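Keep in mind that what you see is a predicted model, and the values were worked out from it rather than measured.
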Amino acid sequence: MIQFDSTHAFLNEDIASYQKQVSECHRYLMDKSGKGSDFVGWVEWPNTYDKEEFARIKTCAKRMREMCDVFIVCGIGGSYLGARAAIEMMNGLYGQQKPEIIFMGNTFSSTYIAQVMDYIKDKEVCVNVISKSGTTTETSVAFRLLKQFMETKYGAQESAKRIVATTDRARGTLKALADEKGYETFVIPDDIGGRYSVITPVGLLPIAVADIDIDAMMSGLKKAYDDMNTDDLSKNPAYQYAVSRRILQNMGKNAEMLVSYEPSMAMVAEWWKQLFGESEGKEEKGILPCSANFSTDLHSLGQFIQEGKKVLYETLLLVKEPMYDLTFPSDEENADNMNYLAGKSIDWVNKMACQGTLEAHEETGHVPNLMITIPDMSAETFGYMCYFFFRACGMTCYLLDINPFNQPGVEVYKKNMFRLLGKK
Ligand code: PA5
């Protein structure tokens, strides 16, 4: 379901020459003997996920869908990016599905928070607060406001039916609060970190509330597991991608730009940035993940990519079949001189823009291009793609001798912020 192509990347080493290292790192992932091995629960998750809880997610999602106009997902980082990526990829940026999904708890912007609170005041609302630690400040600030809003609007008893908490099985402030208030709860497994958690209730509940087929998503995940559960580099596209990244960094390329030609996949890029940035960016190592949406950003970043400092390579995340297509109409007056495209499909135009850009960046700009092609923007493909990137990320970090599953660096800002906020 995923095609990986490195033929436009000018790799100066043979991917196959990494086979021995890849086999060793594959073993770290499979027998939990590598760095951060307490957090490789996602590897076997397609086989081991709790089917009873999965059924409960579907029931809860149905209940939420019936009760509200707006469903608020309150979380940050791994506790919201994956769900948002999936929902925007599949429902589009102007999806008319009910309920509307709104994200909170991912910013301290008073303007944003106030605007959302104003927007929801006369609507029927349900809330999913998501936090593994249960103590993340952005999420806690927003959730206190939401809890008070819900209790004022609906009373304590009805609010308890409209608020769902996704958190640790037993520990943390949020779990204690949820138990005290009587919220339904879902579990974030101990051995799956935030940025790998879209395949757990963290992502599954909001995605199901958005009326996306989570059975199909999990079946895509399982297919990916079956396809990628091999250390054979010639057969594993995730590991080929992981190795290509290492070769490109050895060639001095320290930034990777994930490029999509689908605006509704912009959040997939945000999710991917967190996955690779937080997993790999430590010990002064790693590739800076950044993203662009073409052809839109060809009118901004395109100049730098073509002629600027040669610090980056592109990874094209391409979709074979668009979700919808349109035929460009003929116009009798042809005042805009656009009749040369009459009768052509807009997706064809998009694909020609992609081909022309690849040629320009590769041949004239000498920018390496990796290509990852997915068949469509379906739930099954989303599940498959997540697992592809998880495997690639685990592998590429182990090849760099990095623990892919911790994020010690993010504590520094928190420590300073807490001091300034006067937190004891
Ligand atoms: O990947 C991670 O671990 C982080 O991005 C977390 O998901 C994020 O900090 C939110 O943490 P929590 O779920 O504990 O609120």
Side-chain angles (χ1 to χ4, degrees), residues 57 59-88 90-131 134-167 172-186 201-212 264 266-267 270 417 421:
I57 289 172
T59 309
C60 176
K62 187 165 177 283
R63 188 167 67 79
M64 296 285 121
R65 290 174 55 74
E66 285 163 2
M67 269 200 300
C68 63
D69 307 316
V70 172
F71 183 77
I72 301 204
V73 177
C74 185
I76 194 167
S79 289
Y80 101 102
L81 281 164
R84 187 160 178 188
I87 293 166
E88 290 194 4
M90 278 162 278
N91 289 355
L93 298 177
Y94 302 101
Q96 312 233 355
Q97 292 80 359
K98 286 276 173 263
E100 183 180 358
I101 315 283
I102 291 185
F103 296 89
M104 270 184 91
N106 55 3
T107 176
F108 289 124
S109 161
S110 54
T111 303
Y112 180 82
I113 295 170
Q115 284 170 338
V116 174
M117 297 306 288
D118 187 53
Y119 181 73
I120 63 174
K121 67 177 185 292
D122 298 321
K123 301 199 162 60
E124 296 301 331
V125 179
C126 289
V127 176
N128 182 196
V129 54
I130 308 175
S131 177
T135 54
T136 300
T137 318
E138 288 88 340
T139 306
S140 303
V141 164
F143 185 60
R144 177 180 285 200
L145 292 165
L146 283 168
K147 181 167 66 68
Q148 290 185 354
F149 163 83
M150 296 294 278
E151 288 177 358
T152 307
K153 186 175 169 95
Y154 295 111
Q157 235 179 341
E158 175 68 12
S159 296
K161 293 188 193 136
R162 288 174 172 267
I163 299 175
V164 180
T166 308
T167 188
T173 321
L174 180 57
K175 175 64 181 157
L177 177 73
D179 287 347
E180 185 199 317
K181 295 276 182 182
Y183 305 154
E184 181 163 13
T185 57
F186 291 97
V202 170
L204 292 173
L205 179 62
I207 293 170
V209 173
D211 205 17
I212 292 164
S264 62
M267 284 306 297
E270 293 305 310
M417 180 179 73
L421 293 175

Starting from the C-alpha separation in whole Å, work towards a yes-or-no answer on side-chain contact (heavy atoms from CB on, under 4.5 Å) for Leu205 and Val164. CA-CA 10 Å; Leu205 179 62; Val164 180; 3.8 Å; yes

Stepwise side-chain contact (heavy atoms from CB on, under 4.5 Å) check, Val141 with Phe143: CA-CA 6 Å; Val141 164; Phe143 185 60; over 6 Å; no

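The shortest non-hydrogen separation linking Pro206 to Pro201 is CD-O, 3.9 Å. Minimum interatomic distance between Thr139 and Ser131 (heavy atoms only, all atoms of both residues): CG2-CB, 4.4 Å. Taking each heavy atom of Tyr154 and Ser159 in turn, the nearest pair found is CB-OG, 3.9 Å. Here the closest heavy-atom approach between residue Ala210 and residue Asn91 is recorded as O-ND2, 2.9 Å. Heavy-atom minimum distance, Leu145 versus Met117: O-CE, 3.7 Å.
Side-chain contact between Asn128 and Phe186: absent, with no pair of heavy atoms (C-beta onward) separated by less than 4.5 Å. In this structure the side chain of Met417 reaches within 4.5 angstrom of the side chain of Thr137, judged on heavy atoms. Between Ile163 and Cys126, the closest side-chain pair of non-hydrogen atoms is not below 4.5 Å. Contact annotation: the side chain of Glu158 approaches that of Arg162 to within less than 4.5 Å [non-hydrogen atoms, C-beta and beyond]. Considering only heavy atoms from C-beta on, Tyr183 comes within 4.5 Å of Lys147 through its side chain. The side-chain heavy atoms of Thr166 and Thr185, taken from C-beta on, include no pair separated by under 4.5 Å.
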Report all side-chain donor-acceptor pairs from residues 64-86 shorter than 3.5 Å, counting only partners two or more places apart or in another chain.
{"unit_1": "Arg65", "atom_1": "NH1", "unit_2": "Lys98", "atom_2": "O", "d": "3.1"}
{"unit_1": "Arg65", "atom_1": "NH1", "unit_2": "Val209", "atom_2": "O", "d": "2.7"}
{"unit_1": "Glu66", "atom_1": "OE2", "unit_2": "Lys62", "atom_2": "NZ", "d": "3.4"}
{"unit_1": "Asp69", "atom_1": "OD2", "unit_2": "Glu124", "atom_2": "N", "d": "2.9"}
{"unit_1": "Arg84", "atom_1": "NE", "unit_2": "Glu88", "atom_2": "OE2", "d": "3.1"}

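Both the sub-6.0 Å distance and the 45° axial angle are not jointly satisfied by Lys153 relative to the ring of Phe149.
The OG atom of Ser110 sits 9.5 Å away from the CD atom of Gln115 when rounded to the nearest 0.5 Å. The line from CG of Asp211 to CD of Gln97 is 7.0 Å long, rounded to the nearest 0.5 Å. Atom OG1 of residue Thr136 and atom CD1 of residue Ile130 lie 11.5 Å apart, to the nearest 0.5 angstrom. Between atom CD1 of residue Ile57 and atom CG of residue Leu204 there is a gap of 5.0 Å, rounded to the nearest 0.5 Å. Here the CD1 atom belonging to Ile113 is positioned 9.0 Å from the CG atom belonging to Leu146, to the nearest 0.5 angstrom.
Taking a cutoff of 4.0 Å between a charged side-chain nitrogen and a carboxylate oxygen, Glu184 and Arg63 qualify as a salt bridge. Using a 4.0 Å cut-off between charged side-chain N and carboxylate O, Glu151 and Lys181 make a salt bridge.
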